[in-house]
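Working notes, beginning with the structure itself.
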Amino acid sequence: MLREAHRFANRPVRLPDGLHWNAPSLLAESLAGIRAAAAGSELAGIGVDTWGVDYGLIDRDRRLLGLPFHYRDRRTEGMVERAHELVSRAELYGVTGIQTMSINTVFQLLAEPPAALEAADRILLIADLLGLWLTGIAANEVTAASTTGLLD
């Protein structure tokens with residue numbers, strides 16, 4: 001039987017550098033949901049699912065390097081064209097099979113400052129980031145990773 005245990009709003013945060021996911025709030029609300037689901041019954045497991053293209057940059061110690069940008073942030077404007085200067089539209093689609101949209105992870109990464117990418121050890125999509133915080137395991141789930149435009 002499926003029942004709703006907890007519902008919460010997902011409100012992005014506008015900061016001076018752009019629109020971000022409120023990742024700490026998402027974690028707090030997820031924990032509240034887990035507590036609510038487990039109240040009075042045994043919880044057999046949980047699943048985490050979010051929008052697929054946004055990510056957090058993680059350092060070697062598995063720390064988040066700043067709040068993840070939100071896919072509605074404007075920093076990706078012009079990144080599709082920049083990417084296709086490096087790899088043709090046909091070649092990128094032929095490898096990834098992903099529709100070209102400026103929100104795709106591949107284009108978001110082009111918008112990252114080089115220093116941010118150099119400081120990062122890996123990226124985790126938002127669901128994988130929550131998974132890390134809930135389990136201590138940093139993993140990229142393959143069906144979610146297939147939405148990034150980075151997976152062959």
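- Here Glu91 contributes atom CD and Leu86 contributes atom CG; the two are 10.5 Å apart, rounded to the nearest 0.5 Å.
- To the nearest 0.5 Å, the span separating NE2 on His70 from CZ on Arg75 amounts to 11.0 Å.
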- Item | Check against side chain to side chain contact (heavy atoms under 4.5 Å, CB included), Asn22 and Asn10 | CA-CA 8 Å; Asn22 189 344; Asn10 176 9; 5.8 Å; no

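- For the pairing with Asp54, the side-chain contact (heavy atoms from CB on, under 4.5 Å) check across Ile126, Thr105, Leu125 returns one residue only, Ile126.
- By the 4.5 Å heavy-atom criterion applied to side chains, Leu19 and Arg74 are not counted as neighbours.
- Linking ILVMFWY side-chain heavy atoms closer than 4.5 Å, directly or via other members, places Ile98 and Leu109 in two distinct hydrophobic clusters.
- In this structure, the side chains of Phe69 and Asp17 come closer than 4.5 Å at one or more pairs of heavy atoms.
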- Quick one: do Asn140 and Leu124 satisfy side chain to side chain contact (heavy atoms under 4.5 Å, CB included)? Show the steps, please. CA-CA 6 Å; Asn140 295 99; Leu124 291 177; 3.7 Å; yes

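- Remark: Arg72 CZ is loosely packed, at most 12 non-hydrogen atoms of other residues, nucleotides or ligands lying under 6.0 Å away.
- Both Leu117 and Ile123 are assigned to one and the same hydrophobic cluster, defined by single-linkage of ILVMFWY side chains at heavy-atom distances under 4.5 Å.
- Between Ser30 and Val48, the closest side-chain pair of non-hydrogen atoms is not below 4.5 Å.
- A donor-acceptor pair under 3.5 Å is absent between the side-chain atoms of Asp61 and the main chain of Arg63, judged by distance alone.
- Although no hydrogens or angles enter the test, the distance criterion places no donor-acceptor pair under 3.5 Å between the side chain of Thr76 and the main chain of Met79.
- Between Thr143 and Ser146, the closest heavy-atom pair is O-OG, 2.6 Å.
- For Phe8, the CZ atom is densely surrounded, since the number of other residues' heavy atoms within 6.0 Å is greater than 12.
- Rounding to the nearest 0.5 Å gives a distance of 12.5 Å between CZ of Arg35 and CG of Leu43.
- Pairing each heavy atom of Gly33 with each of Ala5, the nearest pair is O-CB, 4.2 Å.
- Counting all heavy atoms, side chain and backbone alike, Ile46 lies closest to Ile34 at CD1-CD1, 3.7 Å.
- Note: Leu110 CG to Glu81 CD = 11.0 Å, rounded to the nearest 0.5 Å.
- Contact annotation: the side chain of Thr96 never approaches that of Val106 to less than 4.5 Å [non-hydrogen atoms, C-beta and beyond].
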- Please walk me through it: do Thr50 and Leu26 pass side chain to side chain contact (heavy atoms under 4.5 Å, CB included)? CA-CA 10 Å; Thr50 66; Leu26 293 177; 5.9 Å; no

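- In terms of heavy atoms, Leu67 sits closest to His20 at O-ND1, 2.8 Å.
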- Item | Derivation of the side chain to side chain contact (heavy atoms under 4.5 Å, CB included) call for Leu129 and Trp21 | CA-CA 12 Å; Leu129 176 62; Trp21 285 81; over 6 Å; no

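- No side-chain heavy atom of Leu65 sits under 4.5 Å from any side-chain heavy atom of Ile58.
- Contact detail for His84 and Leu92: the closest heavy-atom pair is NE2-CD2, 4.0 Å.
- Cluster annotation: Met101 is not connected to Tyr93 through the hydrophobic network of ILVMFWY side chains, with a link wherever side-chain heavy atoms come within less than 4.5 Å.
- Residues Arg62 and Arg122 have side chains not in contact (no heavy-atom distance under 4.5 Å, counting atoms from C-beta outward).
- Using a 4.5 Å cut-off between side-chain heavy atoms of Ile, Leu, Val, Met, Phe, Trp and Tyr, with links allowed through other members, Leu57 and Leu150 fall into the same hydrophobic cluster.
- Heavy atoms only, all atoms of each residue included: Ile103 and Tyr71 are closest at CG2-O, 3.4 Å.
- Here the side chains of Phe107 and Thr100 are in contact, with some heavy-atom distance below 4.5 Å.
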